Participant: 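Okay, here's the structure, questions in a sec.
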Amino acid sequence: MTAPESNQSVESLKDDIQRHVALTLGSDPFPPRKGRYYLGLCYSVRDRLLGQWLETQRSYYDSITKRVYYMSLEFLPGRFLMNYIQALGMEEECREAVRDFGLDLDELLEEEWNPGLGNGGLGRLASCYMDSMATCRIPGYGYGILYDYGIFYQTIVNGYQHEGADNWLRQDSPWVLRRGHFMFLINFYGRSEAYEDSAGHERFRWVDTESVMAMACDIMVPGHQNGHVTNMRLWKAISTRDFELEHFNRGDYIGAVQSKVESENISKVLYPNDTSPRGKELRLRQQYFFVAATFQDILRRFRKNNYSSFDCFPDQVAVQLNDTHPAISIAELMRILVDEESLTWETAWTICQKTFSYTNHTVLPEALETWSVELIGRMLPRHLQIIFEINRRFLDDVGKRFPGRVDLLRSLSLIAEDNGKQVRMAHLAIIGSHTVNGVAELHSKILKTRLFKDFDNLYPGKFTNVTNGITPRRWLMQANPALSELIGSVIGDEWIHDLSHLSELAAYADDPEFQQRWQEVRKRNKKLLARYVLRKLGVGINPATLFDMHIKRIHEYKRQILNVLHVITLYNRIRSGSVAHHVPRTLFFAGKAAPGYMQAKLIIKLINAVGQAVNGDPAVGNDLRVVFLPNYCVSQAEKLIPAADLSEQISTAGMEASGTGNMKFALNGALTIGTLDGANIEIREVVGEDNFFLFGHTEEDVHRLHSGGYDPVQIYESNIELKKALDMISTGFFSPEAPGLFRPIVDSLLAHGDYYLVLADYAKYVAEQARVSKCYEDPALWTRMSILNTANMGKFSSDRSIMEYARNIWKVSPLT
Ligand SMILES: [N-]=[N+]=N[C@]1([C@H](N)O)O[C@H](CO)[C@@H](O)[C@H](O)[C@H]1O
């Protein structure tokens, strides 16, 4: 863009901002105020995106292309403004425009509330995938729920997590386009009534239902500087107008309105559990609500092309089930095709299996969703009938192929009998899908060889792998502009669209001048973070120390406890002077615990209690500092990750399906200390064993130790430093006011068998951490390792993942 053109575009942008402040917000544009001008800028940027969105949607219709429907109960898009500005390639323009008003773009960006419509990795992955679908021009949409309240707002009071309501829409969001004209009626409860149709066939209809409306709310998802803009369509529950007669007849107006209000509770709040569902009725209502609304929207689009039959439905529609949360879709599409479209069961079932594909995100037993037959029968009576019929036909087929294998029938059945009749949603998703994938090679192997072994034997070729990825737009270009600029200065900017170009960086790994510039960028990012921590917590941290980060949801399998045991060990070594030399470290912890997960909440308290002791001990000084950052979210991760030296990926092998934080850290040049778990294995393969700090038992070892012979007490007894650390925890060293406070944690390790093998991996972990310190003392070596990590992360772009889904699972090609 020429100077006059850019001046002209800066001027027109300034006009738009002030016009929106005046005419959209109804506020006086003078004097310029941060809050008002932030919204003025948002609406001006939105205007520029809407045009591209309309064009993109038109191109979908014109090309009658097959579309992907990525169904997810969670999305974690992060703040939109900077992502939109960079996708439109107008960052400089915006900076200049707001500067002319005496404002600073970086300050305006902080005005935006994080849309926390997800818990962790699964939700963020869905948003990275949306960004890549748009950037790779894969025709598709994300479907979910517009919760009024997202993941709770975490504060730390006296070391304990407190949950606050995340009323993120209280100031209305400039990004949410409410589509009042797209309202669908969603039914619940009632009963399924059999009747005979004119051809004498038995048919079913769902009657006497209670209903609520689903209103579409769109949020745009722009591709990176390619004019391709798609959207997430998130459903909001709106009460229907008609009153339930029973209230009305009693003249109970308030009661009548009450039930209306209740019906709108469906989209009120996100369930805050990361990998352990709570079988709550409202949660199932949320799942069916968004599934039913989504399929009415899918059918509306399909019917627009006036196809003569549904046989081509799978050629036009690919539905990806993001975990089992949307799995009731399979029964819903069967209901629509059989009950409403009068297709035969067989035809309908074939269409279903050709339409659906399912991604599993965890092997943790407590995370595999089941719904009681009683609850489904009450809330979705017709769907239960359909699920029983799917199961009957499925077991018939299995019985024919494997006569007499009652055990097989029991293990494969959709219905679990052991704790009251439960519908296994993963089994429904597997049977009703043409493809099932895990999210990293080890995880996908475990699905095939352990968790769903019988299904893999039954359906050879159905199980596959698509290793997770992250979008380089948000996680490098946006989060780490200084490093992006340095990279661009030597290899250009193609990596933004094709991350494999990063490999060209490897040539600079030993280049002293480049190493120098790399170190400067990293120092600058660490100083920036130190300033943020001082502002947020009033805690001073020294940017010259090794920044060691463990930021993710709090869960025992992620082993924040193992990290704390290492911190206490270092603390004891420093206090006792038993180590000749210690490399000063700052330990960063951040993450939310599910409100009902008491052990995780106690782990947060332990981290803060240990931090208080260490930070307050004059004998330690700057050598060791512990920081727990409250309210971990996407925008906080964008500040933390570019400043990290060490990335903690220390889960019990076989339990972290993939991890995606591990990819974000390595992409930004942090080195990983980790186990052979999830995507750590594939990261180590590409960055090289020498550039990865590995420790711990393998998944095979864990499986073997879980089947017997593991004695954590023996390890405790035989390791002095470990015993000392555990004794300090259990005797109240970190909780003098309540000596037994952390007993449950120590009991889980010693008395209850240490299921997550914390003690088994302690010694190797501490030893590997010593190797980390040693390497860190050699800046040339560390910088070389850091550059080689970034250089080799091309594989972990979500563009690669999405193109694998498109080619191997969805069978769609990018729009040209
Ligand atoms: N649910 N779930 N699963 C997870 C994460 N907790 O959200 O999905 C993430 C996205 O696939 C994985 O990276 C992670 O390992 C896995 O535990």
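Because the structure is a prediction, the values reported are computed rather than measured. When a ligand or atom number is given, it counts from 1 through the structure's own listing order.
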Participant: For ligand 1, find out whether one of its N or O atoms is nearer than 3.5 Å to an N or O atom of D323.
Facilitator: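 The answer is no, given that D323 and ligand 1 share no N or O pair closer than 3.5 Å.
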
Participant: Taking atom 10 (C) of ligand 1 as the point of reference, which of D274, N468, D677 owns the nearest heavy atom?
Facilitator: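 When every heavy atom of D274, N468, D677 is considered, N468 comes closest to atom 10 (C) of ligand 1.
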
Participant: Can you find an N/O atom of G120 closer than 3.5 Å to an N/O atom of ligand 1?
Facilitator: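 Checking ligand 1 against G120, no N or O pair falls under 3.5 Å apart.
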
Participant: Closest heavy-atom contact between M133 and Y141?
Facilitator: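 Here M133 and Y141 meet closest at CE-N, 4.1 Å.
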
Participant: Salt bridge check: are E441 and K795 linked by an N-O gap of less than 4.0 Å?
Facilitator: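 So E441 pairs with K795 through a salt bridge.
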
Participant: Do the side chains of R704 and D701 get close enough for a salt bridge, i.e. N-O under 4.0 angstrom?
Facilitator: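 Yes, R704 and D701 are salt-bridged.
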
Participant: Are any of the N/O atoms in T362 less than 3.5 Å from those in ligand 1?
Facilitator: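 It does not: no N or O of T362 is found under 3.5 Å from an N or O of ligand 1.
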
Participant: Side chain or backbone, does L125 bring an N or O within less than 3.5 Å of an N or O on ligand 1?
Facilitator: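 In this structure, L125 places no N or O atom under 3.5 Å from an N or O of ligand 1.
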
Participant: Is the shortest side-chain N to carboxylate O distance from D799 to R473 below 4.0 Å?
Facilitator: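 Counted as a salt bridge, because a side-chain N and a carboxylate O are separated by less than 4.0 Å.
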
Participant: Counting from 1, what ligand 1 atoms have a heavy atom of Y557 closer than 4.0 Å?
Facilitator: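 Ligand 1 atoms under the 4.0 Å threshold to Y557: 17 (O).
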
Participant: Do R559 side-chain atoms and L757 backbone N/O form a donor-acceptor pair below 3.5 Å?
Facilitator: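 Answer holds: yes.
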
Participant: Heavy-atom contacts with A657 under 4.0 Å: which atoms of ligand 1 show up? List them by number with element.
Facilitator: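 So the atoms of ligand 1 that pass are 15 (O).
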
Participant: Does the E638 side chain pair with the main chain of R474, one donor and one acceptor, at a distance under 3.5 Å?
Facilitator: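 Answer holds: no.
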
Participant: With atom 13 (O) of ligand 1 as the reference point, say which of A679, G659, G678 has the nearest heavy atom.
Facilitator: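 Residue with the shortest heavy-atom distance to the ligand atom: G659.
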
Participant: Do F455 and F463 have their ring centres less than 6.0 Å from each other?
Facilitator: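 F455 vs F463: aromatic centres not under 6.0 Å.
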
Participant: Check ligand 1 against E656 and write out every atom of the ligand that is under 4.0 Å from a heavy-atom position of the residue.
Facilitator: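 Near E656, meaning under 4.0 Å from one of its heavy atoms, ligand 1 has 14 (C), 15 (O), 16 (C), 17 (O).
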
